[in-house]
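Here is the structure we will look at.
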Amino acid sequence: MAPEVQFPCDGDGVCMRCKVKPPSEETLTCGTCVTPWHVSCLLPESLASSTGEWQCPDCSGDVVPSAAPVTGHAGVESSGSVLVAAIRAIQADVTLTEAKKAKRRQKLMSGGGDDGLDEEDKKKLEIFCSICIQLPERPITTPCGHNFCLRCFEKWVGQGKLTCMTCRSKIPKNVAQNPRINLALVSAIRLANVTKCSVEATAAKVHHIIRNQDRPEKAFTTDRAKKTGKANAASGRIYVTIPGDHFGPIPAENDPTRNQGVLVGESWEDRQECRQWGAHFPHIAGIAGQSAVGAQSVALSGGYEDDEDHGEWFLYTGSGGRDLGGNKRTNKIQSSDQSFAKMNEALRLSCKMGYPVRVVRSHKEKRSAYAPKEGVRYDGVYRIEKCWSNVGIQGSYKVCRYLFVRCDNEPAPWTSDEHGDRPRPLPNIPELKKATDLFVRKESPSWDFDEAEGRWKWMKSPPVSRKAVAALDPEERKIIRKAKNGNNRLLKEFGCQICKKVLSLPVTTPCAHNFCKACLEAKFAGISQVRERSKGGRTLRAKKNIMTCPCCTTDLSDFLQNPQVNREMMEVIENLKKKEEEAESSKDTAESSGGNNAESEEEEGTQTVSEVEPPTKRIKLVDTVAAAASDCVGK
DNA sequence: TCGCACTCAGAT
DNA sequence: ATCTGAGTGCGA
């Protein structure tokens with residue numbers, strides 16, 4: 001089998017393809033990057049040398065034999081940039097339709113050969129860690145735009161190697177010491193794994209059918225409510241097939257539109273949207289539960305000043321004890337004692353039984369380092385280990401207090417751990433000294449860690465649901481459309497934080513934020529790296545200008561000297577777009593050939609397209625995707 | 001920034 | 001049927 005992708009020898013001289021350390025006479029050293037390559041693992045055409053000095057496949061650009069020569073504007077172009085330039089050339093070619101462009105790009109990615117690769121190979125070509133040659137696990141991106149597993153990367157730099165495995169660029173110290181997970185890439189990888197099966201599983205089974213299908217895809221506003229906007233919105237369609245009293249994570253089988261379940265780290269624009277995906281059903285209340293059953297989920301939104309958030313554990317305050325007279329639906333002022341009744345009792349029951357409680361964090365929680373910057377995010381399940389009463393910060397009245405400790409099989413969104421939670425010792429809570437009504441679980445928890453399997457699971461059967469499932473319309477066509485929306489949703493993950501559109505030429509900062517290269521460069525255009533200073537006619541030492549990341553406080557001035565495109569991520573984005581186009585065109589064929597369904601013609605004007613001229617329509621689709629992305633991110 | 005009116009869903 | 005609720009945008 002001929003290698004589709006060629007690899008050099010690693011830092012120890014071991015060939016990364018055959019894992020053997022060849023003697024020096026069996027290696028060739030590249031004249032450009034000075035990297036040794038194992039001769040017998042090179043393709044014959046890569047061995048040829050047109051000039052005197054041998055160049056490796058990375059440096060010679062042999063991977064893109066059909067690419068039109070394009071001169072890059074930047075002085076130093078890495079091998080990745082050759083591809084970028086070639087793609088740029090294709091994109092700029094006005095004679096090509098979008099479909100043709102996609103085909104060319106695909107050909108380019110698959111090494112210009114015939115399209116005889118199987119899915120597995122394609123996936124690998126799209127995105128892989130150059131150390132382990134797998135899809136990156138907990139991916140991190142170097143400033144030179146290359147992706148690695150966190151573990152591989154740490155192992156690599158742990159050996160004292162401070163150059164990129166792929167391009168031999170220097171890895172800055174701060175990146176080596178404190179790598180950040182590239183969350184957008186995490187979704188990319190998840191998506192790459194999911195879309196394949198979801199296409200086959202589009203005709204997913206739907207268990208129950210209620211009038212949920214009559215609901216709009218987005219939360220709507222009544223005529224009267226439009227005056228006050230979303231505040232008065234009715235809820236939109238529920239996309240998951242779990243009942244309102246479902247405990248624990250939402251698995252893939254209850255997510256017929258995407259077939260992936262609600263993943264830790266997923267986020268939504270507001271509580272309405274969060275509700276539509278089942279993470280937390282009440283659209284105002286912070287606790288979802290029933291006093292006789294238990295609590296299924298809570299929201300951390302900063303509404304209670306007694307709350308204390310430590311990420312993996314937090315202290316939560318019960319509800320009630322506040323005057324909601326008149327039309328007020330919320331009120332910060334405590335005016336009576338809270339008691340373990342209603343929702344507070346539901347939480348206590350979840351504590352007693354050791355049920356998993358889903359937790360969403362809202363951007364409204366300003367004091368917590370773990371709160372998302374915008375929207376509402378699902379952070380996984382926690383258990384309530386104990387609860388008690390105490391006089392709250394406001395001084396005069398008692399509040400119910402709960403200790404939540406994380407117990408999810410998926411790692412928290414903020415952690416760079418590879419695995420989910422392990423049982424951990426309970427934190428020390430000073431306020432327990434003054435607590436009254438202390439309640440600690442005595443029986444064994446329903447949801448617990450199975451040492452043998454190394455994961456959290458139901459040890460006792462979960463409570464039986466007493467509620468109906470808000471199921472989706474089984475009509476195939478609608479499911480296909482929403483499956484497409486599922487893709488749209490994930491494309492939103494690849495929004496540039498500056499232009500709010502889908503990333504083009506994405507660059508990943510050392511703090512793991514993604515921007516279009518052009519946007520980031522424009523942001524800092526005209527700002528020089530150093531600032532001249534003078535005082536009283538005396539010239540002081542030039543001070544380095546701090547160039548802060550548009551998303552956080554990280555200084556990007558070093559990174560900005562030569563930001564590199566994350567080529568692999570770009571490929572994923574391109575492929576996503578392509579898949580959307582394919583899904584769209586297959587939908588068209590299904591429509592034109594079928595037509596047997598008596599449809600309630602509620603298709604929006606924007607979606608109705610004539611059968612002819614697919615290219616225009618495709619462009620339109622991509623535009624709507626970009627618009628959707630900007631709608632989501634912008635505020 | 002604040003207070004306010006407004007809406008809907010869910011518990012009881 | 002009544003009540004509660006960690007939402008929401010507007011106008012002062």
Side-chain angles (χ1 to χ4, degrees), chain A residues 210-212 215-216 218-238 243-246 268-276 278-309 314-336 338-347 349 357-368 370-372 374-379 392-394 399-402 404 465-468 470 635:
Chain A
I210 59 166
R211 302 204 45 95
N212 189 38
R215 293 180 180 280
K218 284 213 155 212
F220 68 90
T221 51
T222 63
D223 277 353
R224 194 166 150 207
K226 271 175 189 153
K227 274 186 287 192
T228 39
K230 247 190 188 158
N232 298 336
S235 84
R237 191 173 301 167
I238 308 294
D245 53 358
H246 167 86
W268 306 278
E269 201 175 336
D270 51 32
R271 286 282 297 269
Q272 292 280 0
E273 211 193 348
C274 168
R275 169 189 157 74
Q276 291 184 266
H280 184 67
F281 278 110
H283 75 293
I284 294 182
I287 304 165
Q290 305 77 36
S291 57
V293 179
Q296 293 85 24
S297 58
V298 297
L300 280 95
S301 297
Y304 284 79
E305 52 192 322
D306 290 289
D307 286 0
E308 224 182 87
D309 193 357
F314 61 88
L315 296 179
Y316 196 75
T317 309
S319 63
R322 291 171 167 190
D323 178 20
L324 299 178
N327 249 332
K328 273 201 279 296
R329 257 31 271 148
T330 53
N331 182 354
K332 300 241 172 208
I333 310 294
Q334 195 81 24
S335 54
S336 60
Q338 287 184 358
S339 70
F340 286 102
K342 296 184 178 175
M343 292 306 155
N344 297 350
E345 174 61 12
L347 283 174
L349 242 177
V357 181
R358 291 186 302 275
V359 170
V360 298
R361 280 183 173 81
S362 153
H363 69 107
K364 290 193 155 190
E365 171 59 270
K366 299 292 182 202
R367 297 163 307 151
S368 166
Y370 301 92
E374 50 200 11
V376 183
R377 186 188 63 209
Y378 173 59
D379 285 346
I393 287 178
Q394 290 188 12
V399 289
C400 298
R401 303 281 281 156
Y402 303 86
F404 280 70
S465 166
R466 301 205 243 159
K467 295 185 173 213
K635 238 227 150 166

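To find a chain, count down the sequence lines: A is the first, B the second, and so on, and within it residues start at 1. Keep in mind the model is a prediction, meaning the values are calculated, not measured.
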Original post:
Would you say A/R275 reaches C/dG7's phosphate, i.e. side-chain N/O to OP1/OP2 under 4.0 Å?
Top reply: no
Original post:
Are A/K342 and C/dT4 close enough that a side-chain N or O sits under 4.0 Å from OP1 or OP2?
Top reply: no
Original post:
From the list C/dG7, B/dT12, B/dC6, which nucleotide is the closest neighbour of the side chain of A/R271?
Top reply: C/dG7
**OP:** Find the distance A/H280:NE2 to B/dA11:P and express it as a whole number of Å.
**Re:** 11 Å
Subject >> Exercise: identify the closest heavy-atom pair between A/Q394 and A/K332 >> reply: NE2-O, 2.7 Å
**OP:** Examine C/dT8: is either OP1 or OP2 under 4.0 Å from a nitrogen or oxygen in the side chain of A/K328? Give yes or no.
**Re:** no
**OP:** Give the rounded distance in Å between these two atoms: CD of A/E273 and C1' of C/dT8.
**Re:** 15 Å
Subject >> Touch class at under 4.0 angstrom, heavy-atom based, for A/G286 against every strand present >> reply: sugar-phosphate
Original post:
Whole-Å distance between B/dT12 P and A/K467 NZ?
Top reply: 9 Å
Original post:
Atom CD1 of A/I238 and atom P of B/dG10: how far apart are they, to the nearest Å?
Top reply: 8 Å
Original post:
Which stems, defined as runs of 3 or more consecutive Watson-Crick or G-U wobble pairs with both pairing distances under 3.5 Å, involve DNA chain B?
Top reply: B:1-6 with C:7-12, B:8-12 with C:1-5
Original post:
Can you find a side chain N or O atom of A/N327 that sits less than 4.0 Å from OP1 or OP2 on B/dC4?
Top reply: no
Subject >> Contact summary for A/S291 and A/L349, nearest pair of heavy atoms >> reply: O-CD1, 3.2 Å
Original post:
Does A/R377 count as lying over the ring of A/Y370, i.e. NZ or CZ under 6.0 Å from the six-ring centre, within 45 degrees of the axis?
Top reply: no
Original post:
Are A/D379 and A/R358 close enough for a salt bridge, meaning some N to O gap below 4.0 Å?
Top reply: no
**OP:** Send over the distance from A/Y316 OH to C/dG5 P, rounded to a whole Å.
**Re:** 11 Å
Original post:
For C/dG5, does OP1 or OP2 lie under 4.0 Å from any side-chain N or O of A/S319?
Top reply: yes
Original post:
A/Q296 has an atom CD; how far is it from atom P of B/dA9, in whole Å?
Top reply: 18 Å
Original post:
When we call it a touch if two heavy atoms are under 4.0 Å apart, what does A/L300 touch: a base, just sugar-phosphate, or nothing?
Top reply: base
Subject >> N or O in side chain of A/S291 less than 4.0 angstrom from B/dT12 OP1/OP2 >> reply: yes
**OP:** Between B/dA11, C/dT8, C/dG7, spot the one nearest the side chain of A/S301, thanks.
**Re:** C/dG7
Subject >> Atom pair distance, as rounded to whole Å: CZ in A/R237 and P in B/dA9 >> reply: 15 Å
Original post:
At their closest point, which heavy atom of A/S319 faces which heavy atom of A/N344, and how far apart are they?
Top reply: N-OD1, 2.8 Å
Original post:
What is the distance, rounded to the nearest whole Å, between atom CD1 of A/I284 and atom P of C/dG7?
Top reply: 8 Å
Subject >> Toward the 5' end of DNA chain B, by each residue's nearest nucleotide, A/T330 or A/F281 >> reply: A/T330
Subject >> Shortest non-hydrogen contact between A/R361 and A/F314, atoms and distance >> reply: NH2-CD2, 3.7 Å
Original post:
Atom CD of A/Q338 and atom OG1 of A/T317: how far apart are they, to the nearest 0.5 Å?
Top reply: 7.0 Å
Original post:
Are A/E365 and A/R367 close enough for a salt bridge, meaning some N to O gap below 4.0 Å?
Top reply: yes
